[in-house]
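Heads up: the structure comes next, in structure tokens.
Order of listing sets the numbers, starting from 1, for every ligand and every atom in it. Along the sequence shown, residues are numbered consecutively beginning with 1.
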Amino acid sequence: MLNIVIFGAPGSGKGTQSDKLIDHYKLFHISTGDVLRDNIRRGTELGKTAKGYIDQGQLVPDELIINILAQVLDENKDKASEGVIFDGFPRTIPQAEALEQLLADRGTQIDAVVGLEVPEDELIKRILLRGQQSGRSDDNEETARKRLDTYHNQTSPLKAYYEKQGKYLAIDGLGSIDGIFDLIKKALDNR
Ligand code: ADP
């Protein structure tokens with residue numbers, strides 16, 4: 001069993017590489033961004049609350065997102081027991097601490113954190129291109145810059161947090177999709 005976190009700035013390629021990791025290592029995918037967007041589409045209370053934060057480039061409050069994650073884990077116990085890829089979570093130190101506790105309570109842990117490292121100008125380019133293609137309401141230039149600020153202020157400290165635990169695998173996120181995936185596989189298999 002393998003539990004991994006795919007980590008990186010908005011636009012770093014987490015979703016793309018997650019798809020390949022799921023396929024290769026047979027992992028269960030938990031994307032907090034997807035869960036939130038699904039709630040927005042269905043017009044739930046959670047969706048209404050989340051949309052306000054997302055469209056401002058801010059994070060949804062920790063307590064809310066931690067409860068969602070616990071719920072998703074419990075609703076998918078069987079699939080989750082074979083290995084999970086966490087995509088878009090944790091995004092803050094308190095979320096990482098909560099994840100550690102949630103997994104410990106279930107007799108498991110994070111094995112590795114795959115960190116996709118991409119320069120800032122490339123991130124902006126990719127986010128704007130995705131916005132043109134997908135119409136995601138948070139993929140415009142103003143919100144993208146705010147999301148990158150949020151990432152630097154609240155999420156990037158997680159790199160040092162996981163380095164201290166010896167779990168962080170730095171991956172050069174510039175290059176072809178398959179080339180990057182090869183780097184990830186090598187890093188995971190040579191741990
Ligand atoms: P990206 O990685 O491209 O920024 P995501 O799809 O992971 O996009 O998330 C979109 C938005 O959903 C984030 O900008 C944030 O507002 C909200 N969100 C997703 N995951 C979390 C989380 N773990 N904590 C707080 N907010 C989150």
Any idea which protein heavy atom is nearest [atom], and the distance to it?
atom                    : value
atom 11 (C) of ligand 1 : Ile54 CG1, 3.9 Å
atom 18 (N) of ligand 1 : Leu36 CD1, 3.5 Å
atom 26 (N) of ligand 1 : Val60 N, 3.0 Å
atom 8 (O) of ligand 1  : Arg136 NH2, 3.2 Å
atom 16 (O) of ligand 1 : Gln58 O, 2.6 Å
atom 5 (P) of ligand 1  : Arg91 NH2, 3.7 Å

Only heavy atoms count here, so choose which of Gln56, Arg37, Arg126, Arg147 is nearest to atom 14 (O) of ligand 1. Arg147
Heavy-atom distance to atom 3 (O) of ligand 1: which of Lys14, Lys51, Arg130 wins? Arg130
Is a donor on one side and an acceptor on the other found under 3.5 Å between the side chain of Asn3 and the backbone of Val84? yes
Could you check Asp34 against Arg37 for salt bridge (charged side-chain N to carboxylate O under 4.0 Å, His left out), going step by step and ending with a plain yes or no? CA-CA 5 Å; Asp34 285 351; Arg37 280 186 290 275; 3.0 Å; yes
Should Arg91 and Asp62 be marked as a salt bridge (charged side-chain N to carboxylate O under 4.0 Å, His left out) after you check the CA-CA gap, both sets of side-chain angles, and the distance that decides it? CA-CA 9 Å; Arg91 263 182 156 90; Asp62 283 338; over 6 Å; no
Just let me know how Lys146 lines up against ligand 1, side chain, backbone, both or neither, with a heavy-atom cut-off below 4.0 Å. neither
Just let me know how Ile65 lines up against ligand 1, side chain, backbone, both or neither, with a heavy-atom cut-off below 4.0 Å. side chain
Does Phe181 have Lys20 sitting over its ring (NZ/CZ under 6.0 Å from centre, angle to axis within 45°)?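 The answer is yes; both the distance and angle limits are met.
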Check the pair Asp38 / Arg42 against salt bridge (charged side-chain N to carboxylate O under 4.0 Å, His left out), numbers first and verdict last. CA-CA 6 Å; Asp38 178 57; Arg42 290 188 289 117; 3.1 Å; yes
Please list, in number order, the atoms of ligand 1 under 4.0 Å from a heavy atom of Gln95. 22 (C), 23 (N), 24 (N), 25 (C)
For Thr32, counting its heavy atoms only, list the atoms of ligand 1 lying under 4.0 Å from any of them. 19 (C), 20 (N), 21 (C), 23 (N)
State whether Asp189 and Lys185 are salt-bridged, where the test is any N-O pair (Lys NZ or Arg NE/NH1/NH2 against Asp/Glu carboxylate O) under 4.0 Å. no
Under a 4.0 Å N-O cut-off, is there an ion pair linking Arg147 with Asp139? yes
Quick one, Lys159 with Glu117, criterion salt bridge (charged side-chain N to carboxylate O under 4.0 Å, His left out). Give me CA distance, side-chain angles, the key distance, then yes/no. CA-CA 11 Å; Lys159 175 176 170 174; Glu117 306 198 338; 3.0 Å; yes
